[in-house]
Peer 1: 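Got a structure for you, written out below as structure tokens; questions coming shortly.
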Amino acid sequence: MFSFFKKKPPADTTAGAPAAEATPAAPVPERTWREKLGLAAPPAAEAVPPALADEPVPAERRTWLAKLHNGLRKTGSSIAQVFTGTQIDDALYEELEAALLMADAGVKATEFLLDDLKRRVKEARATDPSAVKGLLADAVTELLMPLEKQLVIGEALPTVMMVVGVNGAGKTTSIGKLTRHLAEGGEKVLLAAADTFRAAAREQLAVWAGRTNVEIVSQEGGDPSAVTFDAVVAGKARARDVVIADTAGRLPTQLHLMEELKKIKRTIAKAQEGAPHEVLLVVDGNTGQNALAQVKSFDDALQLTGLIVTKLDGTAKGGVLAAIARERPVPVYFIGVGEKLEDLETFSAREFANALLT
Ligand SMILES: Nc1nc2c(ncn2[C@@H]2O[C@H](COP(=O)(O)OP(=O)(O)O)[C@@H](O)[C@H]2O)c(=O)[nH]1
Ligand SMILES: [Mg+2]
């Protein structure tokens, strides 16, 4: 669960052989949230079972968890405050409702969590508010569980990802961190600097990429679709494992710029059949409900396959993950708690709930 990504063998190396033989892992039920929400084009990806509860936690992960815990303090403390009294009564639930809304969990997730919590309290016959806090952690974990998913690469060569989001969300930084992890895992990565608006974006990528196994395709002031096309073609020709396209930031309301993203996506598909394999949205967790709005808009336009939620260090709006889980459950591959390489990590529902509430 903690490893940054999972490498799978290509699905089609042995022509004619059934794919099931190449990947003997137990079949996992396919996600149906898109259908439930009435959305088209479900991503062809499979869920990964949650980590075993008694898996030992490595030292670096513990350090990171401490950062996450710290980062969510502003969100968590007002929720925890609710459980400092002596009684479980209507006032407690009302305070909790207010605290969840303040944390930007949104009306739907808040209602859901309150109902679920009341059921759990009844079932457990809890009489002590501090026990209710533990039950809330369970409810939050279960709500967030559908967001847990590991990034898989290697099923296609190259695995092509495009990364989108508003300005300043943390796209370039996150790509840099992800690239470093991939390169350190022995993967050959090619980056497409398709943020052709900002000259600095290329240098920024180059700094992160400045190591073996990583190359950058860029073109000053060029057309982002053309740069991406060239990068995917080069990635194929040079047998790279992963191609990641960084795109310029934009608001979902800038319709012509959203069209440009759709064009980049179509161009990638022309360069390589079945690509892009991942369309990742980077959202700033600090923006709360605004982040949820971005998830919905970018998903409607591009059929996202995953999210990276950054800046969960010091946010009072960490409840937004609950809102995303309830209203548009696009899997969360990584969450970020700072600007350094080690600050980006895989998302775990249980860890997040514990960091928030304990
Ligand atoms: N505190 C904090 N800052 C972050 C995080 N991720 C990115 N940043 C910072 O956010 C700023 C914008 O990041 P950048 O990657 O350039 O955003 P982009 O416009 O989406 O490409 C930079 O100063 C990053 O260092 C995070 O998880 N926490
Ligand atoms: Mg950028």
Side-chain angles (χ1 to χ4, degrees), residues 4 60-61 63-75 161-181 191-210 214 216-222 224 227-228 231 244-252 254 257-258 260-261 264 278-288 290-291 294-295 297-298 302 304 306-318 320-321 324 332-348 351-352 355-356:
F4 218 77
E60 301 106 75
R61 186 74 178 187
T63 309
W64 182 80
L65 280 175
K67 272 193 195 169
L68 179 64
H69 189 258
N70 237 343
L72 292 174
R73 189 162 286 163
K74 275 195 210 154
T75 309
M161 311 182 199
M162 70 184 272
V163 179
V164 302
V166 305
N167 262 323
K171 293 178 295 299
T172 307
T173 315
S174 298
I175 289 171
K177 293 172 183 173
L178 174 58
T179 300
R180 284 276 291 268
H181 282 280
L191 299 174
D195 179 354
T196 51
F197 286 110
R198 284 178 55 209
R202 251 176 314 137
E203 279 94 74
Q204 202 186 341
L205 267 186
V207 170
W208 281 103
V214 181
I216 303 183
V217 170
S218 64
Q219 194 187 81
E220 194 162 354
V227 174
T228 312
I244 307 176
D246 187 16
T247 63
R250 66 205 72 213
L251 293 169
Q254 295 173 299
L257 293 179
M258 293 304 279
E260 185 187 75
L261 282 183
I264 294 176
E278 302 287 351
V279 182
L280 305 179
L281 174 70
V282 179
V283 288
D284 176 343
N286 226 345
T287 61
N290 205 338
Q294 288 165 23
V295 173
S297 307
F298 278 94
L302 297 162
L304 301 173
L307 302 179
I308 298 176
V309 183
T310 62
K311 308 193 193 184
L312 289 171
D313 42 325
T315 179
K317 298 178 174 181
V320 66
L321 263 85
I324 292 172
V332 176
Y333 286 130
F334 306 108
I335 55 180
V337 295
E339 298 177 273
K340 297 203 204 86
L341 171 69
E342 63 273 18
D343 293 337
L344 191 75
E345 264 298 344
T346 49
F347 170 73
S348 146
E351 283 178 353
F352 190 88
L356 191 66

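Both counts, for ligands and for their atoms, begin at 1 and track the order of listing.
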Peer 1: Among Gly336, Gly338, Gly314, whose heavy atom sits nearest atom 26 (C) of ligand 1?
Peer 2: Gly338
Peer 1: Between ligand 1 and Asn167, is the shortest N or O to N or O distance under 3.5 Å?
Peer 2: no
Peer 1: May I ask you to identify the nearest protein heavy atom to atom 6 (N) of ligand 1, giving residue, atom name and distance to one decimal place in Å?
Peer 2: Thr310 CB, 3.9 Å
Peer 1: Is there a donor-acceptor pair closer than 3.5 Å between any side-chain N or O of Ser348 and the backbone N or O of Glu351?
Peer 2: yes
Peer 1: Give the residue, atom name and distance (to 0.1 Å) of the protein heavy atom nearest atom 16 (O) of ligand 1.
Peer 2: Gln204 NE2, 3.1 Å
Peer 1: Can a non-hydrogen atom of Ala169 be found less than 4.0 Å from any atom of ligand 1?
Peer 2: yes
Peer 1: Carefully, step by step, assess Asp284 and Thr310 under the rule side-chain hydrogen bond (donor to acceptor under 3.5 Å, both in side chains).
Peer 2: CA-CA 5 Å; Asp284 176 343; Thr310 62; 4.8 Å; no
Peer 1: Nearest non-hydrogen contact with atom 10 (O) of ligand 1 belongs to which option: Glu339, Lys311, Lys171?
Peer 2: Lys311
Peer 1: For Asp343, state whether at least one heavy atom is located under 4.0 Å from any atom of ligand 1.
Peer 2: no
Peer 1: Suppose we measure from atom 17 (O) of ligand 1 to each protein heavy atom; which comes out shortest, and what is that distance?
Peer 2: Gly170 N, 3.1 Å
Peer 1: Give the residue, atom name and distance (to 0.1 Å) of the protein heavy atom nearest atom 13 (O) of ligand 1.
Peer 2: Thr173 OG1, 3.3 Å
Peer 1: Output the distance between atom CG (Leu312) and atom CG (Leu321), rounded to the nearest 0.5 Å.
Peer 2: 6.5 Å
Peer 1: Would you sort out whether Thr346 and Arg61 count as a side-chain hydrogen bond (donor to acceptor under 3.5 Å, both in side chains), showing the intermediate values?
Peer 2: CA-CA 10 Å; Thr346 49; Arg61 186 74 178 187; 2.9 Å; yes
Peer 1: Does at least one non-hydrogen atom of Asp313 fall below 4.0 angstrom from an atom of ligand 1?
Peer 2: yes
Peer 1: Run the side chain to side chain contact (heavy atoms under 4.5 Å, CB included) test against Glu342 and tell me which residues pass, sequence neighbours left out.
Peer 2: Lys67, Lys340
Peer 1: Do the side chain of Lys171 and the main chain of Val166 share a donor and acceptor less than 3.5 angstrom apart?
Peer 2: yes
Peer 1: Considering residues at least two apart in sequence or located in another chain, which fulfil the salt bridge (Lys or Arg N to Asp or Glu O under 4.0 Å) criterion with Arg250?
Peer 2: Glu260
Peer 1: Determine whether a donor-acceptor pair (N or O, by modelled atom type, separation under 3.5 Å) exists between the side chain of Lys74 and the backbone of Thr315.
Peer 2: no
Peer 1: Would you say the Mg ion (ligand 2) has Thr172 as a near neighbour, meaning an N/O/S atom of that residue under 2.8 Å away?
Peer 2: yes
Peer 1: Looking at atom 12 (C) of ligand 1, what's its closest protein heavy atom, distance included?
Peer 2: Gly168 O, 3.7 Å
